2 protein chains.
Amino acid sequence: MRKQRKGCDVPDATILRLPLYLEKLKLLQAIGVEDVSSRQLAESLDIKASQLRHDFHYFGGFSRPGRPYQVAKLVPALEKIIGIAEPVHTIIVGAGHLGQALANYQNLDIQGFPIKGIFDVNPKLIGLDFRGSVVQDMDEMETVIKDQGVKIAILTVPAAHAQAVTERLVAAGIVGIFNFAPMDLKVPTTVAVRNERLAVGIMSLSFKVKCILQSSENKEEAEEL
Amino acid sequence: MRKQRKGCDVPDATILRLPLYLEKLKLLQAIGVEDVSSRQLAESLDIKASQLRHDFHYFGGFSRPGRPYQVAKLVPALEKIIGIAEPVHTIIVGAGHLGQALANYQNLDIQGFPIKGIFDVNPKLIGLDFRGSVVQDMDEMETVIKDQGVKIAILTVPAAHAQAVTERLVAAGIVGIFNFAPMDLKVPTTVAVRNERLAVGIMSLSFKVKCILQSSENKEEAEEL
DNA sequence: GGGTTCATGTTAACCATTTAACAGCATTAG
DNA sequence: CTAATGCTGTTAAATGGTTAACATGAACCC
């Protein structure tokens, strides 16, 4: 198999930290900080400095050794690595409550993912306006994807329709799908999917809550002895 | 230190799979499947059977050895482990677009997390009705938490207010916080937090999209030779 | 200039998670 | 009854990720 381009065989765990680094660095930049050491940055994110350096090491040379990182260089470097040096055109498929919430969530735009369209099959939703994006009929989807060079789709349709919609998206040239439907999508290996399962999140929280409540019961029992 | 109760020192990775097992098992139950082997269940979730058995092993004895798992026993067992054998009373704090979307997302209720209140400080939002839950002034929050025995709060307020609200929640007796604000909350060790960062999700997707696009460019170059 | 301090890049040790291997029980067919 | 098959529970090996250690470079002070 052909060797991958530099910087693409990186552990998932590292990839998930890159946005956190970027966010914190942008914050520092906004308040005028010019230099930051791996220790400072790591402590503010509650991780070890060695881990941060290890993460950066996959991409190589953000600074000359012996000198702290320069915020002004790191921010664009990370943006390039993450792939948001240029705005990444995005659409939302499914204009239900969640789709609407995401369309209104202007942070997406600010962070480099401008919404180029919202689509639904429900005639009652078509025409509604969210921050300048008007809900369109799903028949328009393929045209917008191609005309606007959309690469990422946020999928908020009901689980029952998710796979069918996915196949249309893939055929139209979508390369990344941010899937909020509680179901696993089948896609070719040339398409990336990230599943966002709210139920998983709240249930894993529930597990920990149960453990906390149990251990505090234990404590009370112990005190009663 | 006091020894933890059975089944609480479990790796995070395992905890995150429990809801997936439960969901799939409920689906099987709905279509009348009575028995399921670790292999069948694992394959339908795209994981290894040995991993599933290893996960279950933390909690012990779901079946007699030599016989497949019984769906009807596994479902309540997992519900008990996750802590949703009884409904887990929940509130939503912040009735912006995301809070509204979650309030309307009836799956939460079905999966064991009935919404006992939605709160905001914005007078324009107070009184709005979402599936029977009326947005209340945040001053009512502590009362509802105590009266209804609420243990989990879903936090969808702006980042700037997240820490202050968190402190009120903790003081009122909340044990788990599902945090959608893009910031790290400081809480005592007796409170569990799960951060849901949409920006992290879409950026990690963007990274993979970039890699896919680069490698397909490479391929094209190779074909041109 | 030399020593001290603080920094990164890099490698190695450590730890956690995932996967494989296998021992033992239940059922079924011959 | 015995052998073969299919299954789980459990332990061991392999993999992957995190943390510590260290070599080396840059700036600063005396």
Side-chain angles (χ1 to χ4, degrees), chain A residues 4 6-21 24-25 28 33-75 77-78 81 200 204 207-208, chain B residues 4 6-21 24-25 28 33-75 77-78 81 200 204 207-208:
Chain A
Q4 284 188 307
K6 175 189 161 195
C8 280
D9 49 353
V10 177
D12 267 18
T14 293
I15 296 173
L16 291 174
R17 281 189 292 269
L18 296 179
L20 303 179
Y21 298 147
K24 191 65 78 173
L25 284 163
L28 292 175
V33 175
E34 289 181 0
D35 291 349
V36 66
S37 70
S38 60
R39 165 186 293 244
Q40 291 170 311
L41 190 50
E43 276 180 4
S44 75
L45 287 163
D46 243 313
I47 62 169
K48 293 279 187 296
S50 53
Q51 175 161 79
L52 187 151
R53 292 201 300 274
H54 200 275
D55 283 342
F56 283 6
H57 182 227
Y58 284 103
F59 310 102
F62 288 142
S63 88
R64 285 181 289 281
R67 301 263 41 223
Y69 298 111
Q70 292 165 266
V71 177
K73 298 213 168 160
L74 215 38
V75 167
L78 280 173
I81 289 168
V200 171
S204 73
F207 177 88
K208 287 176 186 163
Chain B
Q4 284 189 307
K6 174 190 160 194
C8 278
D9 49 351
V10 177
D12 266 18
T14 293
I15 296 173
L16 290 175
R17 280 188 293 267
L18 297 180
L20 303 179
Y21 299 147
K24 192 64 79 173
L25 284 164
L28 292 175
V33 175
E34 289 182 0
D35 291 349
V36 66
S37 71
S38 61
R39 167 187 290 246
Q40 290 171 311
L41 190 50
E43 275 181 5
S44 76
L45 287 163
D46 244 311
I47 62 170
K48 293 278 188 295
S50 53
Q51 174 161 80
L52 187 150
R53 293 200 300 274
H54 200 275
D55 283 342
F56 283 6
H57 182 228
Y58 284 103
F59 309 103
F62 287 142
S63 88
R64 287 183 289 281
R67 302 260 41 224
Y69 298 111
Q70 292 166 267
V71 177
K73 299 214 167 160
L74 214 39
V75 167
L78 279 173
I81 289 168
V200 171
S204 73
F207 178 87
K208 287 175 185 164

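Remember, it's a predicted structure, so these values are computed and weren't measured experimentally. In the text below, chain A, chain B and the rest are named by the order of the sequence lines, each starting its count at 1.
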Engineer: Using a 4.0 Å cut-off on protein heavy atoms (strictly under), produce a 5'-to-3' string for nucleotides 3-12 of chain D with B for base contact, S for backbone-only sugar-phosphate contact, and - for none.
Structural biologist: ---BBBBSB-
Engineer: Can you check whether B:L25 reaches B:Y69 side chain to side chain, under 4.5 Å on heavy atoms?
Structural biologist: no
Engineer: Using whole Å, report how far CG of A:D55 lies from C1' of D:dT18.
Structural biologist: 10 Å
Engineer: Tell me: CG of A:D46 to P of D:dT18, nearest whole Å?
Structural biologist: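 It works out to 14 Å between those atoms.
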Engineer: In whole Å, what is the span from the CD atom of B:Q70 to the P atom of C:dA26?
Structural biologist: 14 Å
Engineer: Got a list of protein N/O to nucleotides 14-17 of chain D N/O distances below 3.5 Å?
Structural biologist:
none

Engineer: For A:Y58 and A:T14, run side-chain contact (heavy atoms from CB on, under 4.5 Å): C-alpha distance rounded to whole Å, both residues' side-chain angles, the deciding distance at 0.1 Å, then the answer.
Structural biologist: CA-CA 9 Å; A:Y58 284 103; A:T14 293; 3.8 Å; yes
Engineer: Search all heavy atoms of B:Y21 against all heavy atoms of B:I47 and return the closest pair with its distance.
Structural biologist: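 Smallest interatomic distance, heavy atoms only, reads OH-CD1, 3.4 Å.
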Engineer: Can you check whether A:K48's main-chain N or O pairs, donor with acceptor, with A:Q51's side chain at less than 3.5 Å?
Structural biologist: no
Engineer: Which heavy atom of B:D35 sits nearest to which heavy atom of B:P68, and what is that distance?
Structural biologist: CB-CG, 4.1 Å
Engineer: Could you give the CZ-to-P distance, from A:F59 to C:dT10, as a whole number of Å?
Structural biologist: 14 Å
Engineer: Rounded off to whole Å, could you give me the CG-to-P distance for the A:D35 and D:dA26 pair?
Structural biologist: 16 Å
Engineer: Where do A:L52 and A:A42 come nearest, in terms of heavy atoms and distance?
Structural biologist: CD1-N, 3.9 Å
Engineer: Using five base pairs at each end to define the local axes, how bent is the helix from C:dG1-D:dC30 to C:dG30-D:dC1, to the nearest 10°?
Structural biologist: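 One end's axis against the other's: 10°.
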Engineer: Can you find a pair of side-chain heavy atoms, one from B:F56 and one from B:L74, that are under 4.5 Å apart?
Structural biologist: yes
Engineer: So, do A:V71 and A:K24 sit near enough that their side-chain heavy atoms are less than 4.5 Å apart?
Structural biologist: no
Engineer: Counting heavy atoms not belonging to B:R17, are there more than 12 under 6.0 Å from its CZ?
Structural biologist: yes
Engineer: Going by heavy atoms in the side chains, are A:R39 and A:E43 under 4.5 Å from each other?
Structural biologist: yes
Engineer: Are A:F59 and A:V10 close enough that some pair of their side-chain heavy atoms sits under 4.5 Å apart?
Structural biologist: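 Counting from C-beta outward, A:F59 and A:V10 do come under 4.5 Å.
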